[in-house]
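Note that the numbering runs from 1 along the sequence shown for the chain.
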Amino acid sequence: QAEAQAEARAEARAEAARKPQGRASPSRAAPDAQVARQPLTCLAVGDRVTVRGVRGVVRFLGPVHYAKGEWVGVELDEAIGKNDGMVKGERYFTCPPARGMIIRPDDATKAA
């Protein structure tokens, strides 16, 4: 039985290795119909954006120490965020608790 479990785990790892890597979540499935999502170059600190239906202000643009790529730090208008601008011991911006979120650029829609 232990051998069968080990084989099943090995098969699961092999299957996971064959799948393409990257994020795919329902929240990223489609941009708002009214406004196209903006690349990082179209965003600036201080811009008003919408993130998952909540408005906020861009407070940080750039790389983070815990992941590859460019990221956007947003101070949300509502206290539904994940942080106060500090993530894993590194401060990227400052905002009230539960108002900060660091997201991929394509998760932010620039407000008109």
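Annotation: side chain of F93 is not in contact with side chain of L61 (no heavy-atom distance under 4.5 Å). At least one side-chain heavy atom of V49 sits less than 4.5 Å from a side-chain heavy atom of L43. With contacts defined as side-chain heavy-atom distances shorter than 4.5 Å, the pair E75/P96 qualifies. Annotation: side chain of V72 is not in contact with side chain of R104 (no heavy-atom distance under 4.5 Å).
Separation of the Y92 and F60 ring centroids falls under the 6.0 Å cut-off.
By the 4.0 Å N-to-carboxylate-O rule, D77 lies too far from R99 to be salt-bridged with it.
The minimum heavy-atom distance linking C95 with G85 is given by the pair SG-N, 4.1 Å. Residues C42 and D47 approach most closely at O-OD2, 3.8 Å, considering heavy atoms. Across all their heavy atoms, V51 and M101 have their closest contact at CG1-SD, 4.0 Å.
Taking CZ from R59 and CD1 from I102, the interatomic distance works out to 13.5 Å, rounded to the nearest 0.5 Å. How far CZ of R55 is from CZ of R48: 4.5 Å, rounded to the nearest 0.5 Å.
Clustering ILVMFWY residues whenever any of their side-chain heavy atoms sit less than 4.5 angstrom apart, transitively, puts M86 in a cluster other than the one holding V74. Under the 4.5 Å side-chain heavy-atom criterion for ILVMFWY residues, a single connected hydrophobic cluster contains both V87 and V64. Residue V58 is grouped with residue V54 when hydrophobic side chains (ILVMFWY) are merged at heavy-atom distances under 4.5 angstrom, including chains of intermediate members.
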